Structures are given as structure tokens and as C-alpha cells.
Asker: 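Let me begin by handing over the structure; questions about it come next.
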There are 2 protein chains.
Amino acid sequence: MARRAGSNGAETAEKLRNAALELFARSGYAAVSMRAIAAKTGVQAGAIYNHFPTKQDLLNELLQVHMETLLEAWEEAEDLDLAPPQALEHFVRFHIRYHLDRSREVFISYMELRSLEEKNFRIIEQLRRSYETVPRAILERGAADGSFAIIDPQLTTMAIIAMLTGMTTWYRENGRLSLDEIEALYVRLVARLVGQKKED
Amino acid sequence: MARRAGSNGAETAEKLRNAALELFARSGYAAVSMRAIAAKTGVQAGAIYNHFPTKQDLLNELLQVHMETLLEAWEEAEDLDLAPPQALEHFVRFHIRYHLDRSREVFISYMELRSLEEKNFRIIEQLRRSYETVPRAILERGAADGSFAIIDPQLTTMAIIAMLTGMTTWYRENGRLSLDEIEALYVRLVARLVGQKKED
DNA sequence: CGATAAAATAAACAAACGTTCATTTAATTG
DNA sequence: CAATTAAATGAACGTTTGTTTATTTTATCG
């Protein structure tokens, strides 16, 4: 019933985020209690409210921060001088690396959309849409300059995103293929999808 | 507090399944109460236990029946006389048609794996693995007879499944493209992924 | 160093949950 | 047609949930 010696609000909040992230990814938002998150962090459930006003705010922050940092990371990584084939490769490599380092965030950013309240959902959805415009724009550039033979820009975009994002559901470290190998193979698969002239 | 006139156990059970399916798909298993399912069906929560021993059994049945009927449907639809390119097209068309008619079942079959108890999870997971062998086998047949130039059979299989299954998250009736058009476009996209000789 | 703010606990609250059970009525069976 | 089974309700049970609040201790600030 007293503040603990050595306690540090920022550290506790970060631990709570990580605990929530892991538990939400494993069992789902609604199935995880605040007591479970607190216990995993090493505090009591009431302490969570020092840092997050509600359970929903905790989830929303996890999702929003993930999406915003993703967009920022892409903004930094993007190289506007690349021709479409190289730009697409750059995007594929970025996406795979970024997402496999954050497979839990990716997972709940898809799986827990249902758990968001309407206004939170809208914000996250918009951020997702922003990200989806990235490969779409590359495809359209490639189609315009003749380096890609696109079957349908929107369908192809959605197919690429599904392929790339689907990796988080089956990728395992120490699997048959290294991350580098997988990345290279996916670059080739994506090049096929867009009908890239340099493939084969 | 009495049996209702005209009540029919089989019909009520079916309504409960449909209500559960819709609610689980919308909000997630853990977030949906038995009272909500009952209310949607037009009975009281206690009535559910006449038909399903537990909430988990209800979910498990939904998932298991879906996977089993999928495999049966493929068994019927499969045509062993087709050459790999036609067999792959046949599979893609089957998959799209079957899954878009059952987008809710597909959705929870992926989203609610986390909500299954261990032994139920194993069963469903095995059924999913069985289904995944279907396109894999076609790819290997095509690679063996030279009609496909496969980059990596397992990766390509996973990419195809992700693409096809990802459709359920964005497909809308009355969208820009009809179902027939989407199907035809996906057949072509998949043909590219496998490096089918007849494409282009 | 005293005052203030922060961070934690324990207890409690009201609500909700999955499930059980006694009761009543309807359907089925022989 | 009477007995049995099925199907539903309403009430209740024990448990769990998100959250609040009073209290205590620690850290920070001026």
C-alpha cells in the first residue's frame, strides 16, 4: 500500500506495455485481464491506472505507436531516387525486416482491430491505409515507366501486402531458411507478381 | 420457464451456431458472452447448454466443422486428371469461391486459434496443415513436369495461401470488380508466382 | 529540509461472466 | 393416452472483471 523503493514510473509503464503486448498477442485483448498484465509486470492491477487511464487506452497506444513508428521508419528509409524495381525491392526488404522484428505488434495490429473502440479504430485504420499506399505508388510508377507489367494495381498491392504480412504467422528463427534467404526469395516472388521486366 | 411451443432443438442449435459465428467474427470469442449469443438467437443463456456443453465446445465445433467440410469439398472438387497449370487454376478458383462464401468461418478459423484449448487447437491446426498440402503438391507436380519454374515450393505455397486468404479481409460485394473478375485476376497472379510457362 | 507529487498496495465496488438447477411446458414414443 | 424425453425459462451460484479509493512510502523540488 505504499510506493516501492526504487520504483520508476517510466520503467514500470514500459514493462506494462511489453507485458500487455505479449499477453494480447498470445491470448487476445479481451481474454487478458488487467490483473494478468500487472502480475507479469510485478505490480498490482490498480497500479496500471497510474500510467494508463483504461485498458482500451493501453491497447490503443500499442497499436497507434506501432503504426506511427512504422510510417516514420518508412519515411526515413524511403529513397525517392530509386527506379521502381529497386524501390520495390527496397520496400520489400524494409517491410520484412521491420515486421519480423516486431511480429507481436504486427500481429495485434491486425488481430485486435476488432477490440478497438470506434474512434480508435478509425485512427489505426487510417494509418494502415497510409502504409498501403506505399507499394501501390511504386507499382503505379513502374507501370507508367514500363518497368512493370501490372495485372491490376490494387489487387496486386493487396496480394503483396498479404504475402509479406503473412510471413509473421509462420516465420521462425532457426528455420530452414535464414532471414536473408527469405528476404531474397520474397524479392523475387514480388518481382514476378508485378511482371518486372528484369525477372527471368 | 417452460419449453416453448413450436420449439425445435435442431433449429435452435443451428441458430445458436450462426449467432455465435457472427458475433465471434465481429468481436472475438472472449469478448462475446453466452448471454449475447442467446439473445441474438432469441433464447436465454441457460438454453445454450441444452445443445452445447461449454462455450469452448461451441467454438471448437464451428472451427472443426468448417475445416472438415472444406477438406471434403476439396476432395469432391479435386480433379486428379488435370495437368498442373489447370489444377492450380482449379484450386485457386475453388479456394476463392469457397472462402468468400464463408468469410466469417475463414476469419475465425484464423483469428480464434488463440482461443482454443490445447487439444482443440491441435486438431484444427492439423486440418489446416492438410489443406496447405494441396497447393504444395500441385506446385511440386508442376515443377517436376516443367510447367512451373518454382522459386521455393514452401515459400511460394505460403505466399499463395496468404494472398488468397487475405482476400476475405478486403473483399466486398458490389466493389469495383466482380467476383468473376477477381478470380480471373488472381489466377493470373498465381500463375506468375509459380513461373507458369503459359503466362505472357 | 519540508512540502508536494509520484508510485505503489490492499481493499472494495458494481457489473459481468460461464454455468447449474429446479421448474414448466411441449413433443415424442409406445 | 400416459410416460418419457426434450427444450425452454428464471433464478442462482461462485468467480472474474475493470476500475476506484484511501493509505503509505519514496522521489523530487525549491
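All values reported here derive from a predicted model rather than from experimental measurement. Naming convention: chains lettered A, B, ... in sequence-line order (proteins, then strands); numbering from 1 in each chain.
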Asker: Please answer: with hydrophobic residues joined when any side-chain heavy atoms are less than 4.5 Å apart, are A:L58 and A:Y49 in the same cluster?
Answerer: yes

Asker: Where each residue is assigned the nucleotide of DNA chain C containing its nearest heavy atom, which of A:G9 and B:V32 is assigned the position nearer the 5′ end?
Answerer: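 By nearest-heavy-atom nucleotide position, the 5'-most residue is A:G9.
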
Asker: For the helix from C:dC1-D:dG30 to C:dG30-D:dC1, what angle lies between the axis at the first five pairs and the axis at the last five pairs, to 10 degrees?
Answerer: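 What I find for the helix from C:dC1-D:dG30 to C:dG30-D:dC1 is an axis angle of 20°.
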
Asker: Quick check on DNA chain C: between B:A31 and B:A2, whose nearest nucleotide comes earlier from the 5' end?
Answerer: B:A31

Asker: Step by step, work out the side chain to side chain contact (heavy atoms under 4.5 Å, CB included) result for B:H99 and B:L70.
Answerer: CA-CA 9 Å; B:H99 285 80; B:L70 168 63; 3.8 Å; yes

Asker: With no angle test and no hydrogens, is the base of C:dA8 tied to the side chain of A:N50 by a donor-acceptor pair under 3.5 Å?
Answerer: yes

Asker: Relative to the ring of B:H95, is the ring of B:F91 parallel (under 30°), tilted (30 to 60°) or perpendicular (over 60°)?
Answerer: tilted

Asker: Please report, rounded to the nearest Å, how far the P atom of C:dT25 is from the CD atom of B:Q44.
Answerer: 16 Å

Asker: Using the rule given for salt bridge (charged side-chain N to carboxylate O under 4.0 Å, His left out), can you reason through B:R114 versus A:E112, listing the C-alpha separation, both sets of side-chain angles and the distance that settles it, and then say yes or no?
Answerer: CA-CA 12 Å; B:R114 291 178 298 174; A:E112 299 302 339; 2.9 Å; yes

Asker: To the nearest 0.5 Å, what is the distance between CD1 (A:I138) and CD (A:Q86)?
Answerer: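 That separation rounds to 11.0 Å.
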
Asker: Measuring from the side chain of B:S33 (C-beta onward, heavy atoms only), which nucleotide among C:dC17, C:dA26, C:dA7 has the closest atom?
Answerer: C:dC17

Asker: Just how far is it from atom CG of B:L193 to atom CZ of A:R192, taken to the nearest 0.5 Å?
Answerer: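 Answer rounded to 0.5 Å: 7.5 Å.
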
Asker: Taking the ring of A:W74 and the ring of A:Y98, is the distance between their centroids below 6.0 Å?
Answerer: no

Asker: Side-chain donor-acceptor pair under 3.5 Å between A:E72 and A:T69, yes or no?
Answerer: no

Asker: Contact boundaries of DNA chain D with chain A (under 4.0 Å, heavy atoms), 5' to 3'?
Answerer: D:dT17 to D:dA27

Asker: Write down the distance between CD1 (B:I48) and P (C:dC17), rounded to a whole number of angstrom.
Answerer: 12 Å

Asker: Is any side-chain N or O of A:H51 closer than 4.0 Å to OP1 or OP2 of C:dA8?
Answerer: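 True: A:H51 side-chain N/O within range (under 4.0 Å) of C:dA8 OP1/OP2.
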
Asker: Ignoring backbone atoms, establish whether A:R4 has a side-chain N or O less than 4.0 Å from OP1 or OP2 of C:dT9.
Answerer: yes

Asker: Can you check the B:Q56 CD to C:dC17 P distance for me, whole Å?
Answerer: 18 Å

Asker: Side chain of B:A5, heavy atoms from C-beta onward: which of C:dT19, C:dA26, C:dA7 has the nearest atom to it?
Answerer: C:dA26

Asker: What is the distance, rounded to the nearest whole Å, between atom CZ of A:R3 and atom C1' of C:dA8?
Answerer: 8 Å

Asker: Which residues, if any, of residues 12-26 of chain A bring a heavy atom under 4.0 Å of DNA chain C?
Answerer: A:T12

Asker: Please determine whether salt bridge (charged side-chain N to carboxylate O under 4.0 Å, His left out) holds for the pair A:K15 and A:E11, giving the CA-CA distance in whole Å, both sets of side-chain angles, and the decisive distance to 0.1 Å.
Answerer: CA-CA 6 Å; A:K15 283 181 186 164; A:E11 283 179 10; 5.1 Å; no

Asker: Decide, yes or no, whether a salt bridge links A:D145 with A:K197 under the criterion of side-chain N to carboxylate O below 4.0 Å.
Answerer: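 No.
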
Asker: Are side-chain N/O atoms of A:Q154 and B:R176 paired as donor and acceptor at under 3.5 Å?
Answerer: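 No pair is found: no donor N or O on one side chain lies under 3.5 Å from an acceptor on the other.
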
